[in-house]
Amino acid sequence: FTEKNYKESINSLNKSLTIFRKAGLRKPIIDVLLEMMVIHINFGETDEIRDFIDEYESESQIMADSGVYTGVIDCIIYYLNAVNKQAQNKELPEIEELLKDTNFYEISEIQYISWWILGKAAEVSRDTDRGKRYYSKAIETINQVGDAIGDESYKKYFLNKYPHLVSLSS
């Protein structure tokens with residue numbers, strides 16, 4: 001994934017956001033905002049993430065399952081604070097417990113993304129052991145989601161959305 005792809009992806013997602021906003025489609029809006037935050041984190045581009053968080057929280061509060069989105073936002077804020085070397089507003093054990101709470105969090109892509117973001121925060125903090133543990137949880141989570149898919153061809157397609165996991169598990 002190159003810088004050119006990064007810029008093209010962000011431009012395309014911005015166009016989608018415009019369409020979804022005009023139509024008032026909240027779920028696609030928060031999905032695209034989350035995708036944009038993940039892309040920015042992946043490339044270490046953090047300047048716009050706070051604005052995305054504000055809109056994301058505003059849109060997700062209206063939705064019935066907004067609690068799930070709170071966990072991923074906590075992870076993103078934790079990551080941003082690690083990048084900016086600021087005090088954390090939530091402690092890691094609190095965030096980890098939330099991600100492990102099956103009453104709150106179903107095994108899902110959102111849970112995977114949350115563990116992955118914590119792994120990125122650990123990288124920024126140069127905490128290799130914690131990063132490996134978080135990436136391991138991300139891999140475990142996405143494989144559990146994949147295992148729940150009955151159709152093998154769709155499962156393969158789904159898991160191929162996460163090619164970077166292969167390098168993480170090595």
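The basis for the numbers below is simple: all heavy atoms, side chains too, and nothing from hydrogens, waters or symmetry mates. Note that the structure is a prediction, hence the values are computed from the model and not measured.
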Do Asn81 and Tyr78 have side-chain heavy atoms sitting under 4.5 Å apart? no
Could you work out, with side-chain contact (heavy atoms from CB on, under 4.5 Å) as the rule, every residue matching Thr46, not counting sequence neighbours? Ile49, Tyr79, Leu80, Val83
Any heavy-atom pair between the side chains of Lys120 and Tyr135 that's under 4.5 Å? yes
Would you please name every residue forming a salt bridge (charged side-chain N to carboxylate O under 4.0 Å, His left out) with Glu55, sequence neighbours left out? Arg21
Residues which pass salt bridge (charged side-chain N to carboxylate O under 4.0 Å, His left out) with Lys90, listed by chain and number, not counting sequence neighbours: Asp74, Glu94
Exactly one of Ile73, Val32, Asn42 should register a side chain to side chain contact (heavy atoms under 4.5 Å, CB included) with Met37. Which one does? Ile73
How about Leu34 and Ile76: do any of their side-chain heavy atoms sit closer than 4.5 Å? yes
Donor-acceptor pair, side chain of Gln111 and main chain of Leu99, under 3.5 angstrom: yes
Atom CD of residue position Glu91 - does it have more than 12 heavy atoms of other residues, nucleotides or ligands inside 6.0 Å? no
Would you please name every residue forming a ring-ring contact (aromatic ring centres under 6.0 Å, His included) with Phe20, sequence neighbours left out? none
Salt bridge (charged side-chain N to carboxylate O under 4.0 Å, His left out) filter on Arg133, not counting sequence neighbours, yields Glu96
Which residues pass the salt bridge (charged side-chain N to carboxylate O under 4.0 Å, His left out) test with Asp127, not counting sequence neighbours? Arg130
Evaluate the side chain to side chain contact (heavy atoms under 4.5 Å, CB included) criterion for residues His40 and Ile10: first the C-alpha distance (whole Å), next the side-chain angles of each, then the deciding distance (0.1 Å), finally the verdict. CA-CA 9 Å; His40 277 74; Ile10 294 299; 3.3 Å; yes
Using 30° and 60° as the class boundaries, would you call the ring planes of Phe43 and Tyr6 parallel, tilted or perpendicular? tilted
Which is it for Ile41 and Trp116 under the side chain to side chain contact (heavy atoms under 4.5 Å, CB included) test, yes or no, and what are the steps along the way? CA-CA 10 Å; Ile41 288 169; Trp116 178 82; 3.9 Å; yes
About how many Å separate CG of Leu92 and SG of Cys75, when rounded to the nearest 0.5 Å? 9.0 Å
Do the side chains of Leu17 and Met36 get nearer than 4.5 Å, heavy atoms only? yes
Check whether any side-chain heavy atom of Tyr112 sits under 4.5 Å from a side-chain heavy atom of Ile139, and report yes or no. no
Got a donor-acceptor contact below 3.5 angstrom from the Ser114 side chain to the Ile110 backbone? yes
Please report the C-alpha distance between Ile19 and Leu25 in whole Å, then the side-chain angles of each, then the deciding distance to 0.1 Å, and finally whether the side chain to side chain contact (heavy atoms under 4.5 Å, CB included) criterion is met. CA-CA 9 Å; Ile19 293 167; Leu25 302 172; over 6 Å; no
